[in-house]
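Written below as structure tokens is the structure these notes are about.
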Amino acid sequence: MSASPEGSQSYSRTPRTTPTRYRDRATWEQEAIHAILDSTYLCHLGFVVDGAPVVLPTIFARVGSRLYVHGSTGSRPLRGASGEQGMPVCVTVTQVDALVLTKSAFNHSVNFRSVVAHGTAHQVTDPEELDVALAALVDHAVPGRSAEIRPANAKELAATAVIRLELDEVSAKTREDNAADDPEDADLPHWSGLIPVTTVHGTPEPHPGTAVPLPAHLRDYPR
């Protein structure tokens with residue numbers, strides 16, 4: 001971690017976190033990266049098994065400078081991360097903000113915010129850290145939820161695993177521009193512009209067996 005000229009904290013640039021195209025869209029600033037990570041709860045976890053790449057969708061949460069990624073004790077990534085040496089991984093997070101339509105097929109694009117983090121993941125085995133990680137995973141998706149539910153019991157904990165990745169080799173990349181039509185296409189009779197994309201959470205629907213009223217942390221949901 002280093003300080004930028006403006007004084008904000010930034011992650012160090014490495015060959016793996018420095019894009020070869022559109023470098024002006026990249027940032028290593030901690031605040032910007034954390035904001036993207038905190039805006040969603042779905043990530044894709046990439047790793048290698050027997051020489052072949054594997055990418056799995058799963059949920060995650062950030063606690064300080066760490067990412068906690070949820071999994072099962074029987075899953076391949078968790079088995080690989082259980083050893084002392086850990087497991088090399090790549091975690092990606094993407095938010096799509098708009099479809100960008102232009103007058104030519106070639107210039108169509110997507111407005112997005114993304115984070116890519118590289119490093120060695122380790123399985124969380126300390127009971128206190130595991131409690132923190134599991135609560136963070138629940139609360140990251142639904143703030144305040146972990147205090148309103150039964151904690152996992154011993155059998156459930158035995159089937160649940162969490163891996164930890166230190167945020168060290170990480171960068172973000174964004175596109176937030178309008179349609180970029182070529183000058184020679186300006187007079188073509190085609191529409192160009194943006195189609196905004198948002199994630200919408202609906203009104204909570206109670207299970208038929210639920211007799212309690214909607215709790216406060218769900219009355220404020222969706223966020």
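Everything numeric in this text was worked out from a predicted model, so none of it was measured.
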G193 to A179 - nearest heavy-atom pair and separation: N-CB, 3.9 Å

hydrophobic_cluster_shared for L37 and V89, side chain cutoff 4.5 Å: yes

Student check: side-chain heavy atoms of I163 and L45 closer than 4.5 Å: yes

T198 OG1 to Q95 CD distance, which is reported to the nearest 0.5 Å: 10.5 Å

Smallest separation among heavy atoms of P204 and L214, with atom names: CB-CD1, 3.9 Å

Test side-chain hydrogen bond (donor to acceptor under 3.5 Å, both in side chains) applied to D182 and N107, step by step: CA-CA 8 Å; D182 293 332; N107 287 325; 3.2 Å; yes

Cationic N near anionic O, under 4.0 Å, E156 to R150: yes

Point-to-point distance, once rounded to the nearest 0.5 Å, from OG1 of T40 to NE2 of H140: 6.5 Å

Where T94 and S114 come nearest, the two heavy atoms and their spacing: OG1-CB, 4.0 Å

Validation row: V142, L218 side chains within 4.5 angstrom (heavy atoms): yes

Polar side-chain atom of K103 near backbone of A186 as donor-acceptor pair, under 3.5 Å: yes

Donor + acceptor pair across side chains of E169, T17 (<3.5 Å): no

Donor-acceptor contact present, side-chain W191 to main-chain L101, <3.5 Å: no

L167 with I33, same ILVMFWY side-chain cluster at under 4.5 Å: yes

Spacing of CZ belonging to R145 relative to NE2 belonging to H217, to within rounding of 0.5 Å: 4.0 Å

Within-4.5 Å side-chain heavy-atom neighbours: T125 and L130: no

Where L165 and A121 come nearest, the two heavy atoms and their spacing: CD1-N, 4.3 Å

E128 atom CD, over 12 foreign heavy atoms within 6.0 Å: no

Single-linkage hydrophobic cluster V96~I195, side-chain heavy atoms < 4.5 angstrom: yes

Within-4.5 Å side-chain heavy-atom neighbours: R66 and Y68: yes

Check: V100 and N178 side chains under 4.5 Å, non-hydrogen atoms: no

Under 3.5 Å donor-acceptor, T58 side chain and H70 backbone: yes

Flag side-chain contact, heavy atom, 4.5 Å: R23 against T18: yes

P206 backbone acceptor or donor facing T210 side chain under 3.5 Å: no

Side-chain donor or acceptor of K173 paired with backbone N/O of R25 under 3.5 Å: no

Charged N-O contact under 4.0 Å between E129 and R164: yes

V116-L42 co-clustered via ILVMFWY side chain contacts under 4.5 Å: no

Donor-acceptor pair, side chain of R175 and main chain of R113, under 3.5 angstrom: no

Expected output: side-chain N111 to main-chain D177 donor-acceptor under 3.5 Å: yes

Distance in Å, T120 OG1 paired with Q85 CD, rounded so as to fall on 0.5 Å steps: 9.5 Å

Flag if over 12 foreign heavy atoms under 6.0 Å of CG, D187: no

Test item: D97 and F112 side chains (from C-beta on) under 4.5 Å apart, heavy atoms: no

Cluster overlap L56 with F60, hydrophobic side-chain contacts below 4.5 Å: yes

Nearest heavy-atom neighbours spanning S192 and D181: OG-OD2, 2.9 Å

Check: H34/R62 side-chain N/O donor and acceptor closer than 3.5 Å: yes

Centroid separation H201 to Y221 less than 6.0 Å: yes

Minimal non-hydrogen separation, R16 against G119, with atom names: NH2-N, 4.4 Å

Any side-chain heavy-atom pair of T92 and C90 under 4.5 Å: yes

Atom pair OH/CG of Y41 and L137 - distance to nearest 0.5 Å: 13.0 Å

Test item: T102 side-chain N/O and S104 main-chain N/O as donor-acceptor pair under 3.5 Å: yes

